[in-house]
Amino acid sequence: MNDESPSTPKTRVEPRLVVAGFVMIAVLIAALVGDPTTSSTVVRADRASVLAPAVVVTGTDIRSTAWYCPIASTSEHIVDDAVVVANLTERHATVELSAIAASKIVGRRTVELPGNGTLSIKVSDLAGGRDVGVVVESFGSAIVVEHVGGDGRSSAATPCATEPSGTWYFAAGSTRLGTRERVAVLNPFGQSAVLDIAVVTSTGSFRPSQLQGIGVGARSRLVLDVNGAADLRPIVGLEVTTRGGTRVVAELALGSASPTAGVPMSLALGAPALASDLHLVDIDGGAGRQHSVVVFNPGPSDVVATVQVLATGTVQVVQRSVTAPAGGIAVFDPATVVGLAQDATVVVRTRGSGVAVGDLITSGAGRRGGGGVAVATAAPVAARRWVFATDQVPGGTKAQLAVENPGGSDADITVRAGFAGVPFSTVVAAGQRRAVTITVNSAPGAIVVTSSRPVFVSRRIGDRTATSVRTVGVIVR
């Protein structure tokens, strides 16, 4: 495909159409949810203020939507990556995909997506084999977009973002032996950005010189090697900030450092803001796995966090307190509360200060090296509708949803797996967590979850090991 002259892609979406990182919008979200226990309080910590997931669709009646996919990969080059697009309405949608490399758009494609249709587009086909980020814009219908990536040995998935941000937090990652961590940064706009990155480990935070003042040109994608700045660290947190009010999108890839290492791949979109109420819905128990719930506090003062653990099928909540030091992390092992065999939800709450929370899942040889590793990001907002663009990834055998109902009344849940599938219903009692297993259709399709009251939903694809893909869904308002 011939290079196109640099020009601003058709991705400039009015802020009122997309929710992500603004205080006023956060207040509106809380009002829409209608339950003060289900959304994070507006908080301030260091440069960040408040709550917002990076993937929220404000409604299926909107006629133009932009999604930003940095396309992180642990490989030297993009291998089996694809962008999956799902149309949320019965209306026909015209979807334009723009591939962005170094300071230019190197590929464009327009596709027609029927009502309730799902389409997977290989990134290598879109960009002529180049390593790129992708911007997806819909005209005529609301869509949901996910990045499904692979390294030749395993696959993973994460939603793309609906809004860039000046700050991105990754609470949980690892550069332990045999593991590679990389962060892809996408700048889809006509103004260059400059990045500064803080690294936090169990021994404190530092700012490696090679991760300061990093330039990301206009309409460019950049990949950062975390191992090069902080190698052989069991747990690594990151704070990515831009200078001068510019905005970017950041995505993390975690996986094998060599073709023979046998470490699965994991993808995670960063958190664009801190929050005071964060939920990890899918903590799965079982021998050989260990969950490290990481509480990342980038602020200037210590933060005391209340950690609540809710086991599946119960209303009993076990509570502990942890202190995340200023500019540091606190690590909590939920197995010390519920045991190794139980699935659970972990809720982290703070007062007055926000944090970022992630789950680092290890299996096999343990935290320091070998075996499997995966990462999951906590959700800050409950909602009545959640969507996943796909119900499977290459090698995935089934999809399982974990649903947490934090409210005081039962939640009537309806799940539709694949738009051609038959919806089925279940009930999640007040204050409980429940797992819902979905049989994968013959062809990939979207998962749509609707609820009578605000809930949290997470998707797991694959078996019950660290190799399975855990992803928080997209909220549809």
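- Within the 4.5 Å cutoff, side-chain heavy atoms of Val436 are placed close to those of Phe424.
- In this structure Arg182 satisfies the salt bridge (Lys or Arg N to Asp or Glu O under 4.0 Å) test together with Glu76, sequence neighbours excluded.
- Inspection of the Gln308 and Arg349 side chains reveals an N or O donor paired with an N or O acceptor under 3.5 Å.
- The salt bridge (Lys or Arg N to Asp or Glu O under 4.0 Å) test applied to Arg221 returns no partner, not counting sequence neighbours.
- With hydrogens and angles disregarded, a donor-acceptor distance shorter than 3.5 Å links the side chain of Thr242 to the backbone of Thr246.
- Here the side chains of Asp282 and Leu280 are not in contact, with every heavy-atom distance at 4.5 Å or above.
- Across all non-hydrogen atoms, the minimal contact from Ala171 to Gly358 is CB-N, 3.5 Å.
- Residues Pro334 and Ile283 share a closest heavy-atom pair of CG-CG2, 3.8 Å.
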In sequence, state the C-alpha distance, the side-chain angles, and the governing distance for Thr323 and Asp302, and then conclude on side-chain hydrogen bond (donor to acceptor under 3.5 Å, both in side chains).
CA-CA 7 Å; Thr323 299; Asp302 294 355; over 6 Å; no
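- When side chains are defined from C-beta on, Asp333 does not count as touching Ser292, because their heavy atoms never get closer than 4.5 Å.
- Remark: the backbone N or O of Ser174 is paired with a side-chain donor or acceptor of Glu181 at under 3.5 angstrom.
- The local environment of CD in Gln319 is crowded, with over 12 non-hydrogen atoms from other residues, nucleotides or ligands closer than 6.0 Å.
- Looking only at distances, a side-chain donor or acceptor of Asn297 sits under 3.5 Å from a matching main-chain atom of Pro325.
- Rounded to the nearest 0.5 angstrom, Cys69 SG and Glu146 CD are separated by 9.5 Å.
- With contacts defined as side-chain heavy-atom distances shorter than 4.5 Å, the pair Leu224/Ile197 qualifies.
- Side-chain N or O atoms of Ser165 include none that pairs as donor or acceptor with a backbone N or O of Trp168 at under 3.5 Å.
- Partners of Thr377 under the side-chain contact (heavy atoms from CB on, under 4.5 Å) rule, at least two apart in sequence or in another chain, are Ala268.
- Ionic pairing of Asp277 and Arg351 is not present here: no N-O contact between side-chain nitrogen and carboxylate oxygen is shorter than 4.0 angstrom.
- Under the 4.5 Å side-chain criterion, counting only non-hydrogen atoms from C-beta, Trp386 is not in contact with Val476.
- The main-chain N or O of Ala429 is found under 3.5 Å from a side-chain atom of Asn405 such that the two form a donor-acceptor pair.
- In terms of heavy atoms, Ala172 sits closest to Val375 at O-CG2, 3.0 Å.
- Here the CD1 atom belonging to Ile413 is positioned 9.5 Å from the CG atom belonging to Leu401, to the nearest 0.5 angstrom.
- Annotation: the span from Gln400 atom CD to Asp343 atom CG amounts to 7.0 Å, rounded to 0.5 Å.
- Applying the side-chain contact (heavy atoms from CB on, under 4.5 Å) criterion to Val84, with sequence neighbours excluded, gives Thr118, Ser120, Val148, Ala389, Thr390.
- Atom CZ of Phe332 is separated from atom NE2 of His291 by 12.5 Å, given to the nearest 0.5 angstrom.
- Counting only N and O atoms by type, the side chains of Thr312 and Arg434 include no donor and acceptor under 3.5 Å apart.
- Side chain to side chain, Ser141 and Thr89 meet the donor-acceptor criterion of an N or O pair below 3.5 Å.
- Here the side chain of Thr175 pairs a donor or acceptor atom with the backbone of Arg233 at under 3.5 angstrom.
- Residues satisfying the side-chain contact (heavy atoms from CB on, under 4.5 Å) test with Val111, not counting sequence neighbours, are Val95, Leu97, Arg109, Leu119.
- Across Ser458 and Phe388, no two heavy atoms sit closer than the pair C-CZ, 4.0 Å.
- A 4.5 Å side-chain heavy-atom check between Val249 and Leu269 finds at least one atom pair inside the cut-off.
- Side-chain contact of His147 with Asp81: a donor-acceptor pair under 3.5 Å is present, judged by distance alone.
- In the model, Thr450 has no side-chain atom that pairs as donor or acceptor with a side-chain atom of Arg385 under 3.5 Å.
- At least one side-chain heavy atom of Val135 sits under 4.5 Å from a side-chain heavy atom of Ile100.
- Residues Thr201 and Ile329 are not in side-chain contact: their nearest non-hydrogen atoms beyond the backbone lie 4.5 Å or more apart.
- Classification of the Phe456-His279 ring pair by plane angle, with boundaries at 30° and 60°, yields parallel.
- Scored by the side-chain contact (heavy atoms from CB on, under 4.5 Å) test, Ser425 finds Thr414 as partners (sequence neighbours excluded).
- Atom CZ of Phe139 sits about 10.0 Å away from atom OG1 of Thr65, to the nearest 0.5 Å.
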